[in-house]
Protein chains: 2
Amino acid sequence: MKYLRVKEAVLQELGKATPGFPLSENSLARRFGVSRMTARRALQELQQEGYLSRRQGKGSFPTERRFSQGFLRVRPFYEFARAQGATPRTQVLAAELRPTPPEVGQKLGVPEALYVERLRFLDDEPVQREVRYLHPAHCQDLLRHDLTRESIHDLLVHTLGLPLTRVWQRLEAVALPDPLATLLEQLPNAPALRLERLTYTFETPITWVEYLMRADRYYLEDTFIPQGERP
Amino acid sequence: MKYLRVKEAVLQELGKATPGFPLSENSLARRFGVSRMTARRALQELQQEGYLSRRQGKGSFPTERRFSQGFLRVRPFYEFARAQGATPRTQVLAAELRPTPPEVGQKLGVPEALYVERLRFLDDEPVQREVRYLHPAHCQDLLRHDLTRESIHDLLVHTLGLPLTRVWQRLEAVALPDPLATLLEQLPNAPALRLERLTYTFETPITWVEYLMRADRYYLEDTFIPQGERP
DNA sequence: CGGCTTAGGTTGTATATACAAGCTAGAGGA
DNA sequence: TCCTCTAGCTTGTATATACAACCTAAGCCG
């Protein structure tokens, strides 16, 4: 398991803020006496695990570390509201073609996209802000629909006929900075859940979305039966 | 991009419930006129994306996609730490019989319970606090074990022989009040994820637990394949 | 019949080679 | 000075080869 030895060694150095970055496949291969393909595999796995960021032509750089785990799924807003017995309302703050910020542009693979920003209310209280970018080639018909009434997810699947075959998502807790806190009628730095989601049709990313949800109005709850936990 | 062509083709066949499984690297390579390593890459990526399950000596099979909608699953701390490549450490702050607070007592159905409070470190940084109440009639042997080294979940399942058949849990964002913020080396009102969980053996509640996780060190992330979302 | 060995499939690991594509610094020319 | 181009680095893709580890089924032998 040579590639594991290389991984371990690189992982050690990552902890020490060594000034030896960026790493390169060839230099690692020489240092450990392995082939480039073996060093490459070590770096690829470290990238996949979130330790390294690799860019063609530049090299492999350490990433800022964070920890992740788990499994989760979140229901559409109207379904959630119905389950709470509250009255939902949606205000569309923007719906237009707009250049994509770099992180989103990289994920969607386009320089500009349909931008939709919506504010969600339960019983006339703002509880969630949604910011969404949609792939322009696949979703251009979307703006003809009433985004205050219809679920974008349902529109994509049923009206535009885009099968949503894969979902990547991340959930975290954040403190609301000020323009957002005011928009959601919260004090600055109030806690909120932030859900970021990228949805694919096969290998094509279709839409990126960020939800910010007031912590005092939103939680995720579930009951399930675990698999393979019998003694 | 030959490996992409192979991926696409395999993905198509996956949709059709073709009886051509299991797939093998060599047969794919012959069919598409590519090298084994190229076919291998296609299969590896499909595995990583959750479409295929590959086993040495057997082959590549389509996965049952039971990615359980609406569910949130959290791994044991040591497993999580290992996956992150970080060094875990556990400090036991309390382990004793204690009266249950009303919300917990109601859920467990007992007036007093085994109380365990632990602080979890990754690379010597406190990242999670766990507070747990255990049903005294079923878990009294637990205090004889080393709670700094062993997973309570594993102890319950494997040592005490309690099948954990049902789980209720809730996840939310909170602001850390001051004694807790200091304990986790955060500023007061820093955001955190709070996970509350009640675990049953059949209809008997066994343990209630609350995890507080630093927002700057914890997030939940996943990729899954949705069910029944085809148009 | 029952158990063992073995042949031949599978994926996993490791190497060498070649070229394409992205990036950057520095040489060179206007 | 400023611009352009290129040499030389990086990662990405593709191939060929070799052997190890794992699995299954067929066949052999007691």
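Worth saying up front: this structure is predicted, and the values here are computed from it rather than measured. To find a chain, count down the sequence lines: A is the first, B the second, and so on, and within it residues start at 1.
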Walking along DNA chain C from 5' to 3', note the first and the last nucleotide with an atom under 4.0 Å from a heavy atom of chain A, and give both. C:dT13 to C:dT24
Could you tell me whether the phosphate oxygens of D:dT11, OP1 or OP2, come under 4.0 Å of any side-chain nitrogen or oxygen in A:S60? yes
Looking only at side-chain N and O atoms, does A:W208 offer a donor or acceptor that is under 3.5 Å from a partner on A:E196? yes
Return yes if a side-chain donor-acceptor contact under 3.5 Å exists between A:S24 and A:N26, otherwise no. no
Which of these passes side-chain contact (heavy atoms from CB on, under 4.5 Å) with A:L43: A:V6, A:L23, A:T38? A:L23
Closest heavy-atom pair and its distance - B:L184, B:V127: CD2-C, 4.0 Å
Name the nucleic acid region contacted by B:R55, choosing base, sugar-phosphate or nothing; use a 4.0 angstrom heavy-atom cut-off, strictly under. sugar-phosphate
Could I get a table of every N or O pair under 3.5 Å where one atom is in the protein and the other is in nucleotides 23-26 of chain D?
{"unit_1": "D:dT24", "atom_1": "OP1", "unit_2": "B:K58", "atom_2": "NZ", "d": "3.1"}

Under 4.0 Å from any atom of DNA chain D, heavy atoms only: list the residues of residues 29-37 of chain B that qualify, in numerical order. B:V34, B:S35, B:R36, B:M37
Output the rounded distance in Å from CG (A:L46) to P (D:dT11). 13 Å
Gap between atoms CD and P, on A:Q47 and D:dT11 respectively (whole Å): 11 Å
Looking only at side-chain N and O atoms, does A:Y218 offer a donor or acceptor that is under 3.5 Å from a partner on B:E172? no
Just do the side-chain contact (heavy atoms from CB on, under 4.5 Å) check on A:L147 and A:R118 with the steps written out, would you? CA-CA 9 Å; A:L147 299 180; A:R118 302 193 293 184; 4.1 Å; yes
Which part of the nucleic acid, if any, lies within reach of B:R41 when heavy atoms closer than 4.0 Å are counted: base, sugar-phosphate only, or nothing? sugar-phosphate
Contacts of B:G59 and B:R40 projected onto DNA chain C by closest heavy atom; the upstream (5') one is B:G59
Show the numbers, then the answer: is there a salt bridge (charged side-chain N to carboxylate O under 4.0 Å, His left out) between B:R31 and B:E13? CA-CA 14 Å; B:R31 265 180 56 199; B:E13 296 184 22; 2.6 Å; yes
With side chain to side chain donor-acceptor pair (under 3.5 Å) as the test, pick out the partner of A:E210 among A:R194, A:R170, A:R132. A:R194
Atom pair distance, as rounded to whole Å: CG in A:L23 and P in D:dT11: 8 Å
Would A:E45 and A:R41 pass as an ion pair if we require N to O under 4.0 Å? yes
Minimal non-hydrogen separation, A:L134 against A:A113, with atom names: O-CB, 3.2 Å
For D:dC9, take OP1 and OP2 only and decide whether either is under 4.0 Å from a side-chain N or O of A:N26. no
Verify the distance criterion only: is there a donor paired with an acceptor across the side chains of B:R54 and B:S60 at less than 3.5 Å? yes
